[in-house]
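In each ligand, atom 1 is the first atom listed, and ligand 1 is the first ligand listed. This structure is a prediction, so every number in the text was calculated from the model and none was measured.
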Amino acid sequence: MNSTDRQICTDAWDGPGAGPGAVAPPIYQTSLFAKASFEEFVRQQAAEHENFVYSRGTNPTVAFLEERLALLERGEAAKCFASGMGAIGAVLGGLLRSGDHVLFVNTVYGPTLELAEHLERFGVEHTVLTAPDADVEEHIRDNTALIYVESPGTMLMKVLDLRALTAIARRRGVRTVMDNTWSTPLFQKPLTAGVDLVVHSLTKYIGGHSDVVGGAVVGSSETIREIFYRGHQLFGAAMSAMEAALVLRGLRTLPVRMEQHQRNALAVVDHLLAHPEVDAVHHPHADHGPAADVISSQFSGLSGLLSFELREGTFARVSRFVDALEVFRIGVSWGGYESLVTSPVRPWDDPAGPGLIRLSVGLEDVQSQLDDLDGAFEALSRSTAP
Ligand code: PLP
């Protein structure tokens, strides 16, 4: 993590109406912005992406957050949305047209793939390559318009070589999009590795307090303008000023929180790796395979979302383990201050499958997290259930 990024996270408000020394950004709780003359109104409305006209499009509080996100990702511009899915929907719905093909690489967030399924109805085809080492070039078609990746994916945390991937995409004239929610721009900067567009769920680490849902897209000014007029304005998943203020509050402490998430996560990974009940741990810190060099060159830190495989991962054993946890609370989402646990294992699954359990390692005292896991392993060993 570098000092420039720390500065960007804590920069003072420099937008309109800087006010009498208020250190928190003003919340522009207004739906529209009245203009001094009709001529000014017409001129500003004609370039609505860079003027404050109507808050479904632009708003000063939201714009301040967009500026910070663009700076952190080293992009030219950013656009915020009401959710991560709002951002992803605006990218896919705004940039693709009937007859296009999208290539998804790695284990991509489920609803993103469901959206791709939905887009088939509008003539947009797609292919999903879940293996991180799949031969991407072999699957690029003449009509491939986008390669969409997550690195790491957020279930198995497998990492892609972004430079190798973007070199292929550029040679073949295909735009690349990456969901960078896992790393945050503090730990990985995909645009500097040649990716064209980055999307975020701000709901996770950047918001950080589990009290706001939001999303963002970062890229070149030209592409963000294209997304603004098609995917943002027309689909209408706008972020409100109040939500932007909450995300900005999260951004202030993002560097210190990410350092703590990393410290705790590495301790949890090491602890799990040493446990006889654990078959495998999925986190870049535990990845000593062919991706290890890419991991050390591509990341400046590692976040706190990881998964592991419980030996004999039947639904009964996974439930017993998860139910015995107290510090790790059962729930969806991740990246907040609090530790969370979930699992894709279902009662109707093959009982011989891997007992995958996902942990979002929060900011609590790390020893309480390790003790909590040990307590759950003990609950397993006390049980005689299959
Ligand atoms: N991307 C990833 C990797 C996610 O995990 C999520 C949500 O869990 C999203 C995108 C969607 O974000 P949101 O829930 O803010 O719509």
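- What sits closest to atom 13 (P) of ligand 1 on the protein, heavy atoms only, is Gly84 N, 3.4 Å.
- Residue Gly214 approaches ligand 1 through these ligand atoms, each under 4.0 Å from one of its heavy atoms: 15 (O).
- Considering Thr181, Thr203, Asp179 only, the shortest heavy-atom separation from atom 1 (N) of ligand 1 involves Asp179.
- Judged by the shortest distance from any of its heavy atoms, Trp182 lies outside the 4.0 Å radius around the atoms of ligand 1.
- Taking the six-membered ring for Trp and the full ring otherwise, Tyr205 and Trp334 have centroids separated by under 6.0 Å.
- Near Ser83, with a cut-off below 4.0 Å to any heavy atom, the atoms of ligand 1 are 15 (O), 16 (O).
- Note: Phe321 and Phe308 have perpendicular aromatic rings, judged against thresholds of 30 and 60 degrees for the angle between ring planes.
- Residue-ligand proximity: Ala87 is placed with every non-hydrogen atom at 4.0 Å or more from ligand 1.
- Not a single heavy atom of His200 sits less than 4.0 Å from an atom of ligand 1.
- Only one option out of His282, Met157, Lys204, Met155 pairs with Leu305 in a side chain to side chain contact (heavy atoms under 4.5 Å, CB included); it is Met157.
- The environment of CD in Glu326 is sparse: at most 12 heavy-atom neighbours from other residues, nucleotides or ligands sit within 6.0 Å.
- The environment of Phe235 atom CZ is dense: over 12 non-hydrogen atoms of other residues, nucleotides or ligands sit within 6.0 angstrom.
- Under a 4.0 Å heavy-atom criterion, Ile88 is in contact with ligand 1.
- From the protein, the heavy atom lying nearest to atom 7 (C) of ligand 1 is Lys204 NZ, 2.8 Å.
- Here the heavy atom of the protein found nearest to atom 16 (O) of ligand 1 is Met85 N, 2.8 Å.
- Atoms of ligand 1 lying under 4.0 Å from at least one heavy atom of Thr154, given by number and element, are 3 (C).
- Environment of CZ in Arg172: crowded, with over 12 heavy atoms of neighbouring residues, nucleotides or ligands closer than 6.0 Å.
- Taking the side chain as every heavy atom from C-beta outward, His283 and Leu272 never approach each other to under 4.5 Å.
- Side-chain N or O atoms of Arg358 include none that pairs as donor or acceptor with a backbone N or O of Leu306 at under 3.5 Å.
- For the pair Leu197/Val218, no side-chain contact is recorded, criterion being any heavy-atom separation below 4.5 Å from C-beta on.
- Remark: minimum distance from atom 9 (C) of ligand 1 to any protein heavy atom is reached at Tyr109 CE2, 3.4 Å.
- Among all protein heavy atoms, the one lying closest to atom 5 (O) of ligand 1 is Trp334 NE1, 3.1 Å.
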